[in-house]
**Student:** 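Provided herewith is a single structure, encoded as structure tokens, for subsequent inquiry.
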Amino acid sequence: MTATVGRPAVRGHGDHLDRRPWAGSVREYDLVKELLYALIVVGLLTVGLAAVVGSPDEAPVTLRQWATTAPSDFVATATAELGGTSVTAQYGPPYNSTEGASQTLGPIDLQGLSGVRLPIDTAQDFVIGPLQTLPQAAAELAALNAASDKQRTDWTAAYSDALSKAPDGDPAKAAPGDYGPVPGLDNALLAMAQKGTLDSVLDGGTLAGMDHTRTVLFLGDGQYFKGLADSQHLTGGQWGMMNETGNYPGQSWLWLFSFWYQIPPFNGLSNADLVISGIMVLLTLVLMLLPFIPGLRSIPRFIPIHRLIWRDYYKRARNPHTAAAKPADGEGTTGMGRT
């Protein structure tokens, strides 16, 4: 498609420069050829750099790494999963139906509307189920299964309390008490994680391991994973939504979404996610409907900053005949595609 040079409109009362047809010179270029060249160059650079320096992302955190590096935190988290007191166990939809766990804004309960789509029983899915996959199941499983719900709760609560008071949270230094089969189950799960078998079990036992939901939730309930995020400035209070691991550029376009989490009162709200999402939806609608909102749509005319940025264009457009006869080098051109 070949572009034609437009003629300036006749100046008259109420005529606006930014509404006149383009009167400068025109160049042709092939959009398909340009796209093909860009794909080839970027593809070669990507493959070449990947072969030389590898992926810029850090290796994923595994349960084996956690159990080996911070075994005390692993045991404390496993105990919380057994007792149903972890963050995941009390999260609400889409993992469970914990009463009052959803974030609400007045009558609005978007989290509750989703329902329990990914049901997770932390005791069964994170501890009991994996231990049942061992060739020789832990002997403590029979005792746990035979106990009442109240007895299980008492055992896990007592052991969690003992671990919190032990030096460095070391299970070996926990005070003696009636903890039932809980310590034995925790130790068996710890050994399973340190051997690397727990990761594949929680990921569904598939070779591809594409579903890491349970692994990530289990990791997120402990302090080790949170400590790693904090050291990489990835938490909510550190603009983590727009940051990336290591020294690599993050998602800078999420600055506005992340901004609200840094200031009061939003950084202290229990339903901050819902409130901030509502604010962003409102701001997005204002941006989408800006051309139709009286007053706001006229801001560029009241504050013509664009005229300062494009001052060369407006200077030439005021005298189109001179600009067409002698265009500035590299200026006054526009690309028109050819198909």
Side-chain angles (χ1 to χ4, degrees), residues 50 54-98 101 111 114-138 140-141 144-145 156 171 181-182 184-232 234-235 240-241 243-246 248 251:
S55 172
D57 293 327
E58 296 189 3
V61 180
T62 64
L63 297 174
R64 181 177 187 176
Q65 176 184 339
W66 177 24
T68 304
T69 307
S72 297
D73 181 52
F74 182 92
V75 169
T77 306
T79 304
E81 307 293 11
L82 267 177
T85 58
S86 66
V87 173
T88 299
Q90 300 179 347
Y91 190 85
Y95 307 124
N96 49 61
S97 55
T98 302
Q111 184 179 346
S114 68
V116 182
R117 296 179 294 104
L118 300 171
I120 290 180
D121 180 339
T122 57
Q124 179 63 38
D125 294 338
F126 295 165
V127 183
I128 299 174
L131 290 177
Q132 289 175 333
T133 64
L134 294 174
Q136 291 184 340
E140 290 83 1
L141 280 176
L144 184 73
N145 293 331
T156 54
V182 175
L185 294 173
D186 286 347
N187 290 336
L189 192 71
L190 177 65
M192 188 177 180
Q194 290 175 337
K195 293 178 181 178
T197 56
L198 183 58
D199 288 277
S200 60
V201 171
L202 287 189
D203 289 343
T206 61
L207 181 61
M210 298 300 292
D211 184 4
H212 301 285
T213 302
R214 286 170 172 76
T215 297
V216 172
L217 289 175
F218 192 12
L219 280 166
D221 287 337
Q223 297 302 312
Y224 174 72
F225 198 52
K226 296 175 183 176
L228 293 178
D230 185 72
S231 65
Q232 299 266 12
L234 298 175
T235 62
M241 188 181 299
N243 291 336
E244 182 60 91
T245 56
Y248 300 95
Q251 299 71 236

**Student:** Hey, can you pull the donor-acceptor pairs under 3.5 Å for the side chains in residues 124-135, sequence neighbours left out?
**Tutor:**
residue	atom	partner	partner atom	Å
Asp125	OD2	Asp121	N	3.0
Thr133	OG1	Pro130	O	2.4

**Student:** Name all residues meeting the side-chain contact (heavy atoms from CB on, under 4.5 Å) criterion together with Glu244; count only those two or more places apart in sequence or in a different chain, and write none if there are none.
**Tutor:** Asp57, Tyr248, Gln251
**Student:** Please report the interatomic distance CD(Gln194) to OG1(Thr69), rounded to the nearest 0.5 Å.
**Tutor:** 9.5 Å
**Student:** Can you list the residues that meet the side chain to side chain donor-acceptor pair (under 3.5 Å) rule with Asn187, with sequence neighbours excluded?
**Tutor:** none
**Student:** Holding to side chain to side chain donor-acceptor pair (under 3.5 Å), I want the full list of residues that pass it with Thr77, two or more places apart in sequence or in another chain.
**Tutor:** none
**Student:** Quick one: do Gln232 and Leu228 satisfy side-chain contact (heavy atoms from CB on, under 4.5 Å)? Show the steps, please.
**Tutor:** CA-CA 6 Å; Gln232 299 266 12; Leu228 293 178; 5.7 Å; no
**Student:** Name all residues meeting the side-chain contact (heavy atoms from CB on, under 4.5 Å) criterion together with Pro171; count only those two or more places apart in sequence or in a different chain, and write none if there are none.
**Tutor:** Ser72, Val75, Tyr159, Leu163
**Student:** State which residues pass side chain to side chain donor-acceptor pair (under 3.5 Å) with Thr98; sequence neighbours excluded, sorted by chain then number.
**Tutor:** Asn96
**Student:** How would you list, by chain and number, every residue that makes a side-chain contact (heavy atoms from CB on, under 4.5 Å) with Thr215, sequence neighbours excluded?
**Tutor:** Leu63, Asp199, Leu202, Asp203, Leu219
**Student:** Output the distance between atom CE (Met241) and atom OG1 (Thr235), rounded to the nearest 0.5 Å.
**Tutor:** 11.0 Å
**Student:** Taking all heavy atoms of Asp221 and all of Ser86, pick out the closest pair and write down the distance.
**Tutor:** OD2-OG, 3.5 Å
**Student:** For Phe225, check ring-ring contact (aromatic ring centres under 6.0 Å, His included) against everything at least two apart and list the hits.
**Tutor:** none
**Student:** Excluding sequence neighbours, so at least two apart, what forms side-chain contact (heavy atoms from CB on, under 4.5 Å) with Glu140?
**Tutor:** Ala138, Pro181, Leu185
**Student:** If you take all heavy atoms of Leu198 and Phe218, which pair is closest and at what distance?
**Tutor:** CD2-CE2, 4.1 Å
**Student:** What is the distance from atom OH of Tyr91 to atom CG of Leu118, rounded to the nearest 0.5 Å?
**Tutor:** 11.0 Å
**Student:** Would Leu217 and Thr122 satisfy side-chain contact (heavy atoms from CB on, under 4.5 Å), going step by step from the backbone distance to the final call?
**Tutor:** CA-CA 9 Å; Leu217 289 175; Thr122 57; over 6 Å; no
**Student:** Could you list the residues that satisfy side chain to side chain donor-acceptor pair (under 3.5 Å) with Thr213, not counting sequence neighbours?
**Tutor:** Asp211
**Student:** Does a sphere of radius 6.0 Å around OH in Tyr224 hold more than 12 heavy atoms from other residues, nucleotides or ligands, not counting ones at 6.0 Å or beyond?
**Tutor:** yes
**Student:** For the residue pair Pro93 and Ser114, what are the closest heavy atoms and their distance?
**Tutor:** CB-OG, 3.9 Å
